[in-house]
Participant: 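Got a structure here, written out as C-alpha cells. Questions coming.
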Amino acid sequence: MLPADYEHLTPAQAIAYQHELRKQIQIKPLDKPIQTIAGADISFNKHEETVYAGIVVFSYPELKIIGNATAISRTSFPYISGLLAFREVPALLEAWNKLESKPDLLVLDGQGIAHERRLGIATHFGLVTGATTLGCAKSRLAGIFQEPANEPMVESPLYHKGEQVGVALRSKRNCNPLFISPGNNIDIPQSVEVIKQCIRGYRMPEPTRQAHLLVNKIRIANGSAPNNQHDLFS
DNA sequence: GCGACAG
DNA sequence: ATCTTGTCGC
C-alpha cells in the first residue's frame, strides 16, 4: 500500500492496515549516536484540501539548522482521531523525499506508539520510510498517567493496557505536559532524553517548533499567490 | 449507554 | 489544525 493511495481508503480499511503495520514495529535502543535531528509538521486552512508540509533539519546536539524541505500537497482524507497518519503522511513523505540527506532521527507532531493500535503518525511514518522516528504530541490520545509536578523536566509514565507506551513530560513550568513516545527504531528512555535535549526555553522542542513556524510561513505566503514555493527563509 | 477523542 | 484581542499569571 502506498501513501499516495491512502485517500481511497475507508476508515475500516485504514484500521485494518494499521493492524498489518503493527507487526513491523521495532522499539529498541538506537543503533548509532544521533548527529542530525529533524522536525516535521503540517499546516492547512480549515475546510480546504491543500496541505503545507515541512521538515527542518538540525545538527545534534548543537541544534543549528542545516536544511529544510517543503511540499504543498492535497488531501481528501478527513481528520479522524486515531487515523491522523492517513491524512498527513502523504504530504510529509513528499517533503521527506526532497531532503538532500535524511536526518538520523525525525520528530513528528503527534503520537508514536502511544496509540490505541500503537500506530500514531510517528510510528506510521517510521515504518513507511524506514527512518528512526519519535512522536511529541501536545495532548494525550490514549493511555493513563499522573500529572507531572509543576517543575521543568518532570516526567510521568504513560500507560496503555498495562504497558508503558511513553511519558508525559513537563517541558516548562506552568505549561501542559508534552506526550512523548517512540515512533520506530528507538526506545522510550532515548526518546525522552532527546526531547529534553531539544527544549530551549519554549514548551515545544526545537525540531517541531521550527517545523511549525516554517509550514505556517509557506501557508501564509501561498494564501494570496498561487505558486510561490520560494523565498520562505527569513 | 456515556464519555473521550493526536492534528 | 485554524479562526482571533485582550488578559491573567509568573
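Below, chain A is the first sequence line, B the second, and so on; all start at residue 1.
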Participant: Distance check: side-chain N/O of A:H47 vs OP1/OP2 of C:dC3, anything under 4.0 Å?
Facilitator: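 Looking at the OP1 and OP2 atoms of C:dC3, neither is under 4.0 Å from any side-chain N or O of A:H47.
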
Participant: Assert yes or no for the condition that the ring centre distance of A:H124 to A:F86 is strictly below 6.0 Å.
Facilitator: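 Yes, ring centres under 6.0 Å apart.
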
Participant: Measure from CG on A:D109 to C1' on C:dT2 and round the result to the nearest Å.
Facilitator: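 To the nearest whole Å, that distance equals 14 Å.
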
Participant: Quick one about A:K138 and A:N176 (side-chain donor to acceptor, distance below 3.5 Å, no hydrogens or angles considered), yes or no?
Facilitator: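 Side chains of A:N176 and A:K138: no pair found under 3.5 Å.
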
Participant: At 4.0 Å (heavy atoms only), tell me whether A:R173 reaches a base, stays on the sugar-phosphate, or touches nothing.
Facilitator: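 Counting heavy atoms under 4.0 Å across all strands, no contact is made by A:R173.
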
Participant: Whole-Å distance between B:dA4 P and A:H160 NE2?
Facilitator: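 Taking NE2 of A:H160 and P of B:dA4, I get 17 Å after rounding.
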
Participant: Just call it for A:N216: base, sugar-phosphate, or nothing, with non-hydrogen atoms closer than 4.0 Å on any strand.
Facilitator: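 The residue A:N216 makes sugar-phosphate contact but no base contact.
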
Participant: So, is A:K138 close to the C:dA1 phosphate, meaning a side-chain N or O under 4.0 Å from OP1 or OP2?
Facilitator: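 Yes, A:K138 has a side-chain N/O under 4.0 Å of OP1/OP2 on C:dA1.
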
Participant: Between A:E94 and A:S73, is there a side-chain donor-acceptor contact under 3.5 Å, judged purely by atom types and distance?
Facilitator: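 Per modelled atom types, A:S73 and A:E94 side chains form a pair under 3.5 Å.
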
Participant: Going by atom types only, do A:E7 and A:S76 share a side-chain donor-acceptor pair under 3.5 Å?
Facilitator: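 Result is yes, a qualifying pair exists.
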
Participant: Any side-chain N or O of A:S139 below 4.0 angstrom from OP1/OP2 of B:dC5?
Facilitator: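 No, because none of the side-chain N or O atoms of A:S139 sits under 4.0 Å from OP1 or OP2 of B:dC5.
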
Participant: What about A:F145 and A:H160, are their ring centers closer than 6.0 Å?
Facilitator: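 Aromatic pair excluded; centres sit 6.0 Å or further apart.
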
Participant: Does the ring of A:Y79 lie flat against the base of C:dA1, closer than 5.5 Å centre to centre with planes under 30°?
Facilitator: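 Per 5.5 Å and 30° rule: no stacking.
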
Participant: What's the closest nucleotide to the A:S43 side chain, out of B:dG7, C:dT2, B:dA6?
Facilitator: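 My answer, after comparing the listed nucleotides, is C:dT2.
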
Participant: Nearest-Å distance, CE (A:M204) to C1' (B:dA6)?
Facilitator: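 Checked: the CE to C1' distance equals 11 Å.
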
Participant: What is the separation between atom CD on A:Q111 and atom P on B:dA4, rounded to the nearest whole Å?
Facilitator: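 Those two atoms, CD and P, are 18 Å apart.
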
Participant: Starting at atom CG of A:L213, determine the distance to atom P of C:dA1, rounded to an integer number of angstrom.
Facilitator: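 The answer, rounded to whole Å, is 12 Å.
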
Participant: How would you label the contact of A:H212 with the nucleic acid (heavy atoms, under 4.0 Å): base, sugar-phosphate, or nothing?
Facilitator: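 The answer is sugar-phosphate, as A:H212 gets under 4.0 Å only of primed atoms, P, OP1 or OP2.
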
Participant: Can you tell which of A:L106, A:D104, A:L63, A:T132 makes a side-chain contact (heavy atoms from CB on, under 4.5 Å) with A:I37?
Facilitator: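 The passing option is A:L63.
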
Participant: Report the nucleotide, chosen from C:dC10, B:dA6, C:dT2, that has the shortest atom-to-atom distance to any side-chain atom of A:K46.
Facilitator: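 In terms of side-chain proximity for A:K46, the closest of C:dC10, B:dA6, C:dT2 is C:dT2.
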
Participant: Looking only at the side chain of A:R219 (C-beta and beyond, no hydrogens), which of the listed nucleotides C:dC10, B:dA6, C:dT2 gets closest?
Facilitator: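 Selected nucleotide: C:dT2.
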
Participant: A:N176 has an atom CG; how far is it from atom P of B:dG7, in whole Å?
Facilitator: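 Atom CG in A:N176 sits about 11 Å away from atom P in B:dG7.
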
Participant: Select one nucleotide: of B:dA4, C:dC3, C:dA1, the one nearest the side-chain heavy atoms of A:R140.
Facilitator: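 It is B:dA4.
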
Participant: Could you state the atom-to-atom distance from CG of A:L119 to P of B:dC5 in whole Å?
Facilitator: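 Value for this atom pair: 20 Å.
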
Participant: Within the structure shown, what part of the strands sits under 4.0 Å from A:G135 by heavy-atom distance: base, sugar-phosphate, or nothing?
Facilitator: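 It contacts nothing in the nucleic acid.
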
Participant: Under 4.0 Å between any heavy atoms, over every strand shown, what does A:L108 touch: base, sugar-phosphate, or nothing? Just pick one.
Facilitator: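 Answer is nothing: A:L108 stays at 4.0 Å or more from every strand.
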
Participant: A:N45 CG to B:dG7 P: how many Å, rounded?
Facilitator: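 After rounding, the gap between these two atoms is 18 Å.
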
Participant: Taking any heavy-atom pair under 4.0 Å as a contact, classify A:I121: base, sugar-phosphate, or nothing.
Facilitator: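 Result for A:I121 = base.
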
